[in-house]
Enquirer: 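My questions will all concern the structure given below.
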Amino acid sequence: MTTRVRFAPAPTGFLHVGSARSALFNWLYAQSTGGEMILRIEDTDAALRKPEFIDAIVKPLETLGITWDEGPYYQSQRRQFHVDAVEKLVESGHAYFCNLTREQADERAKEAGLPAGYHGWSRDAGIEDGDDCVVRFRTPDTGEVVIDDVIRGQVTFSCVELEDFVIRRSDGSPTFLVANAIDDADMSITHVIRGEDLLNTTPKVMLLWDALDLGEKPTYAHLPLLVNEQRKKLSKRRDDVSLMDFLKQGYLPEAMVNHLALLGWGPPDDVEIRPISEIIELFKLENVNKGSAFFDIAKLNHINGDYIRQLPVETFISMAEPFVYGVDAEIDWATNDYDADVFAMVAAEVQQRVENFDQIPSFVSWLFTTEVTFDTESKGFKKAIIKGKMIPEILDAMHERFTDVAWTADEMNAAVSAIGDELGARSQVPARVAITGTNAGIPLWDGAATLDRQVVLDRIAALRALV
RNA sequence: GCCCCCAUCGUCCAGCGGCCUAGGACGCCUGCCUUUCACGCAGGUAACACGGGUUCGAAUCCCGUUGGGGGUGCCA
C-alpha cells in the first residue's frame, strides 16, 4: 500500500517554522517511502477563511521545495461531509445537543465544586437543537484509548478523562476533530505526522473514527516540539517564527531545510550538512527522537554560510543584488553610488566571509560611500589603532605618498608596505582601517583602487585626526 | 489542579545491555595558515538529572523522585 501523508496547517497568516518542520517531515517520509503527500488547509473556523492566508502557506512551501501530490484541499469546502457526520453521530446516539456556554459550564462546575469545564450536564437532558446549541460527543465512561505512535510508542488515555467535547459549534460549523477524522478517512491517509501539541486531541479523533465506523485508522507519529531558549513552544508573539521572514533575511531555502531536518532527527553517519536527496534516503520516521528541540540560529547561520560558499559566484552575485541595490536593501550608500562591476569584482571574497546575505553590505559599504565611520570603541579599532605602533607616522607618510602614487592596487599596496618597512611597523592594518573604517574585511587594494584618490586621502586624514 | 509527553556536553544529533575512560556538529577557547578578517587545518572546553532496582555487566531495561514541556476553547 502506498503511504499517504498530509500536511494540514491552519491558515494563520504566515507559515510558522514549526509548521514548516512538520511539513518537511511529512514530505521526507513520503519521499523516502515513495508515497504521496497532500496539502489540506484546516480552515473550519470562519475567522481563518481568508484567501491571502493561503498564499502565506503555499508560497513558502514552494520556496523550500516541499511539494505535494494533491491539494490544496480546503476543509471549508468539505463542510457538508462534516455536517453529515455530525448528524449521523446525533442519530446514532453518539452525540447530543447542549445549550450551555463555556461561562455557564464553568459556573455550574464551580457551584458543584468541580474543576472548571463542562461535566456532561446536557448528556441526557433531552435538549432539542436550537440557535445556541452545540453538539457534543458522548465519550465512553469506561475503557481507554491507546495510540500506537511511531515515535512515542503506546500512549494510553482513559476515557473518563475525556470530556464530552464539542463537535459542532453553535453557528453550525463542525470542529476540526470531526473534519480531521472524516478527511483523513476520505483521503486514505495512512500516516498522520504532526506536532506533539496535538497528541492530546488524538484519542478524541480516534473515538470519532470508531463511532463513524471509518475503517482502518492511520498510523500516528507525533513530532517533538520546536522551542525557544526558554524551552517554551515557539510562539508568534515572543519569537521569530515566520519562515518567509527568514527567507527574506537571506537564509537559503536549502540551508533552512537542512537545518530543520536536523531538529529531531540525525543522520546515522553524523554528516549533517548534505543534499536533500541524501537526507531523504537516510530518513527514518522511527528514528525521530522524542525530546523538544531548540531552534538555534547560530547553527542555522553556520549551515547557511556553508551553503552560500558552495554557490557558484555568479549565482551569489545575482542573489545578492536585492541586498545591495534597490528600495528593500538596507544600505548606507546612495543607490547612484553603487557600482555593480565593483561588487562583481569583490563578490567572491565577500562570499567567503558572510553567513547570510544581509551581512553583505557591511563588507562592501566602504566601496560605495564617500566617508567611512570609525568605531573607536570596537575591539578591532583598539587593537589596530589605539594599541598600534607609529600610527600617526604611518598615516602621515601614507597621505603624502598617496597624493602622487600611481593609482593601481599594486602600487598602492607597495607604497604602504614600503612605509611599514621604513618605519619598522605594521602598516597594512592601519591602512585598511583608514580606507575601510575597520580592521576586518575583504582584501583591500583591488577595491581601494576603484575609489577616487581624494576620497582615500580624506579618509586617511580623518583617521589621522583621531590619533 | 487534572491528563499526556519528555530528560546524554550551553545547543542540535549519535548511542537502542558489554565496542563508552560516551562519539559528531554548532558555540566558545588555543595554535597553524594568512599583509587584515573569514575559510581551511590541528587541538581544547563541556553531558549520561537524582535515587532505587533487574543483570556477571546499564547512558541504554523497570520503578520512584525531581525538573522541563504540552494539553486542559464553541483555535487548530
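Atoms considered below: every heavy atom in the structure, side chains included; atoms not considered: hydrogens, waters and symmetry mates. Just so it is clear: chains get the letters A, B, ... in the order the sequence lines come, proteins before strands, and each one is counted from 1.
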Enquirer: Would you classify A:F294 as touching base, sugar-phosphate or nothing, given that sugar-phosphate means primed atoms plus P, OP1 and OP2, and contacts are heavy atoms under 4.0 Å?
Expert: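 Sugar-phosphate, no base atom in range.
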Enquirer: Identify whether any heavy atom of A:V134 sits under 4.0 Å from a base atom; if not, whether one sits that close to sugar-phosphate; answer base, sugar-phosphate or nothing.
Expert: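 Counting heavy atoms under 4.0 Å across all strands, the contact made by A:V134 includes a base.
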Enquirer: Quiz question: going by heavy-atom distance under 3.5 Å, is there a donor-acceptor pair between the base of B:rA7 and the side chain of A:K290?
Expert: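 In this structure, the two groups form no donor-acceptor pair.
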Enquirer: Using a heavy-atom cut-off of under 4.0 Å over every strand shown, decide if A:S427 touches base, sugar-phosphate, or nothing.
Expert: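 It contacts nothing in the nucleic acid.
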Enquirer: Quick one: look up who B:rC2 pairs with, Watson-Crick or G-U, both distances under 3.5 Å, and put none if it's unpaired.
Expert: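 By the stated definition (distances under 3.5 Å), B:rG71 pairs with B:rC2.
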Enquirer: Is A:G291 touching bases, backbone alone, or none of the nucleic acid, heavy atoms closer than 4.0 Å?
Expert: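 A:G291: backbone/sugar contact only, no base atoms under 4.0 Å.
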Enquirer: Out of B:rG27, B:rA76, B:rA25, which has the shortest distance to the side chain of A:A298?
Expert: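 The answer is B:rG27.
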Enquirer: Let me confirm one number: the NE2-CG distance from A:H222 to A:N200, rounded to the nearest 0.5 Å.
Expert: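 A:H222 atom NE2 to A:N200 atom CG measures 8.5 Å (nearest 0.5 Å).
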Enquirer: Is the shortest side-chain N to carboxylate O distance from A:D106 to A:K110 below 4.0 Å?
Expert: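 The answer is no: the pair does not qualify as a salt bridge.
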Enquirer: Should the ring pair A:F283 and A:W265 be called parallel, tilted or perpendicular, given that the plane angle runs from 0 to 90° and is split at 30 and 60?
Expert: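 It falls in the tilted class, 30° to 60°.
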Enquirer: Nearest heavy atom decides the nucleotide; on that basis, is A:R426 or A:N180 closer to the 5' end of RNA chain B?
Expert: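 Going by which nucleotide is closer to the 5' end, it is A:R426.
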Enquirer: Just compare B:rA76, B:rC74, B:rG71 and give me whichever is closest to any side-chain atom of A:R136.
Expert: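 Closest nucleotide among those given: B:rC74.
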Enquirer: Below 4.0 angstrom from OP1 or OP2 of B:rG69, is there any side-chain N or O of A:K232?
Expert: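 Yes, because at least one side-chain N or O of A:K232 sits under 4.0 Å from OP1 or OP2 of B:rG69.
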Enquirer: Of the listed nucleotides (B:rC5, B:rC12, B:rA38), which one gets closest to any side-chain atom of A:V155?
Expert: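 So the nucleotide nearest the side chain must be B:rC5.
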Enquirer: Would you mind checking if A:E281 and A:R274 are paired as a salt bridge, meaning a charged N to carboxylate O distance below 4.0 Å?
Expert: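 Judged by the 4.0 Å cut-off on N to carboxylate O distance, A:R274 and A:E281 do not form a salt bridge.
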Enquirer: Considering only side-chain heavy atoms of A:L225, which listed nucleotide, B:rA76, B:rG69, B:rC26, is closest?
Expert: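 Of all the options, the side chain of A:L225 is nearest to B:rG69.
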Enquirer: May I have the distance from A:I151 (atom CD1) to B:rA7 (atom P), rounded to whole angstrom?
Expert: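 These atoms are roughly 12 Å apart.
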Enquirer: Heavy-atom nearest nucleotide on RNA chain B for A:N289 versus A:W445: which residue maps closer to 5'?
Expert: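 Comparing both residues, the 5'-ward one is A:N289.
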Enquirer: Tell me the interatomic distance from A:R274, atom CZ, to B:rA25, atom P, rounded to whole angstroms.
Expert: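 For the pair A:R274 CZ and B:rA25 P, the rounded distance is 14 Å.
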Enquirer: Round to the nearest Å and state the distance from A:L262 atom CG to B:rG24 atom C1'.
Expert: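 For the pair A:L262 CG and B:rG24 C1', the rounded distance is 11 Å.
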Enquirer: With a 4.0 Å heavy-atom cut-off, tell me which residues in residues 95-118 of chain A come close to RNA chain B, sorted by residue number.
Expert: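 Listed by number, they are A:L100, A:T101, A:R102.
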Enquirer: Which residue, A:L214, A:I147, A:T201, forms the side chain to side chain contact (heavy atoms under 4.5 Å, CB included) with A:M206?
Expert: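 Passing option: A:I147.
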Enquirer: Looking across every strand, which nucleic acid part, if any, lies under 4.0 Å from A:P443 by heavy atom: base, sugar-phosphate, or nothing?
Expert: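 A:P443: base contact, heavy atoms under 4.0 Å.
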Enquirer: Rounded off to whole Å, could you give me the CG-to-P distance for the A:L198 and B:rC3 pair?
Expert: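 Value for this atom pair: 21 Å.
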Enquirer: Inspect the contact between A:R40 and A:D186 and indicate whether a charged nitrogen and a carboxylate oxygen are less than 4.0 angstrom apart.
Expert: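 A salt bridge is absent here (no side-chain N lies under 4.0 Å from a carboxylate O).
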Enquirer: Would you tell me if any nitrogen or oxygen in the side chain of A:K204 comes within less than 4.0 Å of OP1 or OP2 on B:rG71?
Expert: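 Checking B:rG71 against A:K204, no side-chain N or O comes under 4.0 Å of OP1 or OP2.
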Enquirer: Looking at side-chain heavy atoms only, is the closest gap between A:F165 and A:V134 below 4.5 Å?
Expert: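 In short, these two side chains do not touch, never coming nearer than 4.5 Å.
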Enquirer: So, is A:T44 near the phosphate of B:rA76, with a side-chain N or O under 4.0 Å from OP1 or OP2?
Expert: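 Affirmative; the distance criterion is met.
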Enquirer: Return the pairing partner of B:rA25 with a 3.5 Å limit on both distances, Watson-Crick or G-U wobble; otherwise return none.
Expert: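 In the structure as shown, B:rA25 has B:rU11 as its Watson-Crick or wobble partner.
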Enquirer: Taking the minimum atom-to-atom distance to the side chain of A:R152, which one of B:rU11, B:rC74, B:rC5 wins?
Expert: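 Looking only at heavy atoms from C-beta outward on A:R152, the closest nucleotide is B:rC5.
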Enquirer: Quick one: do A:R401 and A:E422 make a salt bridge, cutoff under 4.0 Å?
Expert: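 So A:R401 pairs with A:E422 through a salt bridge.
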Enquirer: Within the 4.0 Å heavy-atom criterion, would you say A:F157 contacts the bases, only the backbone, or no part of the nucleic acid?
Expert: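 The residue A:F157 makes sugar-phosphate contact but no base contact.
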Enquirer: Near RNA chain B, under 4.0 Å by heavy atom, which residues of residues 430-440 of chain A?
Expert: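 Here the set is A:R432, A:N439, A:A440.
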Enquirer: Paired with B:rU34 by Watson-Crick or G-U wobble geometry, both distances under 3.5 Å: which nucleotide is it?
Expert: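 Answer to the pairing question: none, since B:rU34 forms no Watson-Crick or G-U pair.
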Enquirer: Please give the nucleotide sitting opposite B:rA46 as a Watson-Crick or G-U wobble pair, both distances under 3.5 Å, or none.
Expert: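 Paired with B:rA46, as far as the under-3.5 Å criterion goes, is no nucleotide at all.
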Enquirer: With salt bridge (Lys or Arg N to Asp or Glu O under 4.0 Å) as the rule and sequence neighbours excluded, what pairs involving residues 342-366 of chain A come up?
Expert: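 Passing the test, one end in residues 342-366 of chain A: A:E349-A:R353.
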Enquirer: B:rG24 P sits how many Å from A:D270 CG, rounded?
Expert: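 So the CG-P distance, A:D270 to B:rG24, works out to 8 Å.
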Enquirer: Quick one: are A:R78 and A:M187 in side-chain contact, heavy atoms under 4.5 Å?
Expert: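 Contact flag for A:R78/A:M187 side chains = yes.
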Enquirer: In whole Å, measure the gap between the C1' atoms of B:rG18 and B:rA59 for me.
Expert: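 One C1' to the other, the span is 13 Å.
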Enquirer: Would a 4.5 Å heavy-atom cut-off, applied to side chains only, mark A:I279 and A:I276 as touching?
Expert: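 Counting from C-beta outward, A:I279 and A:I276 do come under 4.5 Å.
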Enquirer: What is the distance, rounded to the nearest whole Å, between atom CD of A:E144 and atom C1' of B:rC3?
Expert: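 The distance from CD of A:E144 to C1' of B:rC3 comes to 14 Å, rounded to the nearest Å.
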Enquirer: How far, in whole Å, is B:rU72 from B:rC12 if one measures between their C1' atoms?
Expert: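 My reading of the C1' atoms in B:rC12 and B:rU72 gives 31 Å.
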Enquirer: Rounded to the Å, how far apart are A:N301 CG and B:rC28 P?
Expert: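 After rounding, the gap between these two atoms is 11 Å.
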Enquirer: State whether the distance check finds a donor on one side and an acceptor on the other, under 3.5 Å, for side chain A:S170 versus base B:rC74.
Expert: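 Yes, a donor-acceptor pair under 3.5 Å.
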Enquirer: For the pair made of CD in A:E272 and C1' in B:rA14, what is the distance, rounded to whole Å?
Expert: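 Distance, rounded to whole Å: 10 Å.
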Enquirer: Across the strands shown, which category fits A:R168 at heavy-atom distances under 4.0 angstrom: base, sugar-phosphate, nothing?
Expert: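 No contact.
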Enquirer: Do A:Y73 and A:D183 pair up side chain to side chain, a donor and an acceptor below 3.5 Å, judged on atom types alone?
Expert: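 Not at all, the side chains of A:Y73 and A:D183 share no donor-acceptor pair under 3.5 Å.
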Enquirer: Base, sugar-phosphate, or nothing for A:G264, non-hydrogen atoms under 4.0 angstrom?
Expert: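 Contact class for A:G264: sugar-phosphate only.
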Enquirer: Of all the nucleotides listed (B:rC5, B:rC26, B:rG70), which has the minimum atom distance to the side chain of A:L199?
Expert: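 Among B:rC5, B:rC26, B:rG70, the one nearest the side chain of A:L199 is B:rC5.
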Enquirer: Any side-chain heavy-atom pair from A:I38 and A:I189 closer than 4.5 angstrom?
Expert: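 They are in side-chain contact.
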